[in-house]
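Some notes on the structure that comes next.
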Amino acid sequence: MNYFLVKSEPFKYSWQQFLKDKQTFWDGVRNYQARNNLKDMKKGDLVLFYHSNEGKEVVGIAKVVKESYQDPTTTDERWVVVDLAPVETLKKPVTLETIKEDEQLQEIALVRQGRLSVMPLKREEFDRIVALGS
DNA sequence: GCCAACGTTGGC
DNA sequence: GCCAACGTTGGC
């Protein structure tokens with residue numbers, strides 16, 4: 001079991017929209033590092049959903065329901081998507097500020113490499129964020 | 001709206 | 001294959 005965090009601008013695709021849709025394919029990744037992380041996702045892996053720009057907080061937990069496949073929005077074979085479904089909404093969103101202040105979360109890419117839109121998390125980091133959000 | 005970080009592109 | 005220029009992302 002692996003753990004990840006994905007970013008989305010609420011303006012473009014929000015957690016609320018995701019809840020409504022029940023399932024979505026995660027498209028729009030056009031960065032090799034993020035793409036490689038997408039490819040590492042296996043069915044059943046858990047994914048934190050982060051709102052960038054507006055909110056700047058982790059809002060919920062999703063899971064991988066289908067592993068990576070060719071991005072249906074482009075014919076460019078370099079890019080892939082995965083299918084995600086919502087699992088649960090965090091009681092309290094965990095803000096970037098909180099994450100930055102937390103000793104256990106100093107190493108995550110969200111802090112260290114702000115622009116990366118799909119990143120792996122260690123189990124402890126995932127658990128920590130979920131704990132902060134409940 | 002600005003700017004820093006950083007990835008990508010293209011000229012040499 | 002290097003590196004400058006450029007574009008994009010995202011925090012502030």
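FYI, side chains are in, hydrogens and waters are out, and symmetry mates aren't considered; it's all heavy atoms of this structure. Chain letters run A, B, ... following the sequence lines, proteins first and then strands; every chain starts at 1.
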Item to check | Criterion side-chain contact (heavy atoms from CB on, under 4.5 Å) on A:Y50 and A:K56, from CA distance to verdict | outcome: CA-CA 7 Å; A:Y50 175 82; A:K56 284 173 292 178; 3.5 Å; yes
Next on the checklist: side chain to side chain donor-acceptor pair (under 3.5 Å) for A:N37 and A:Q33? Distances and angles first, verdict last.
Outcome noted: CA-CA 6 Å; A:N37 292 331; A:Q33 229 181 317; over 6 Å; no
Next on the checklist: So does A:D71 get a backbone contact from the side chain of A:T74, meaning a donor-acceptor N/O pair under 3.5 Å?
Outcome noted: no
Checklist outcome for this item: Quick tally for nucleotides 3-12 of chain C: nucleotides whose base has a protein heavy atom under 4.0 Å get B, sugar-phosphate-only ones S, the rest -, giving ----BBBSBS
Item to check | Charged tip of A:K122 within 45° of A:F126 ring normal and under 6.0 Å | outcome: no
Next on the checklist: Is there a ring pair (Phe, Tyr, Trp, His ring centres under 6.0 Å) between A:Y69 and A:W79? Walk through the geometry before answering.
Outcome noted: CA-CA 8 Å; A:Y69 55 97; A:W79 309 118; over 10 Å; no
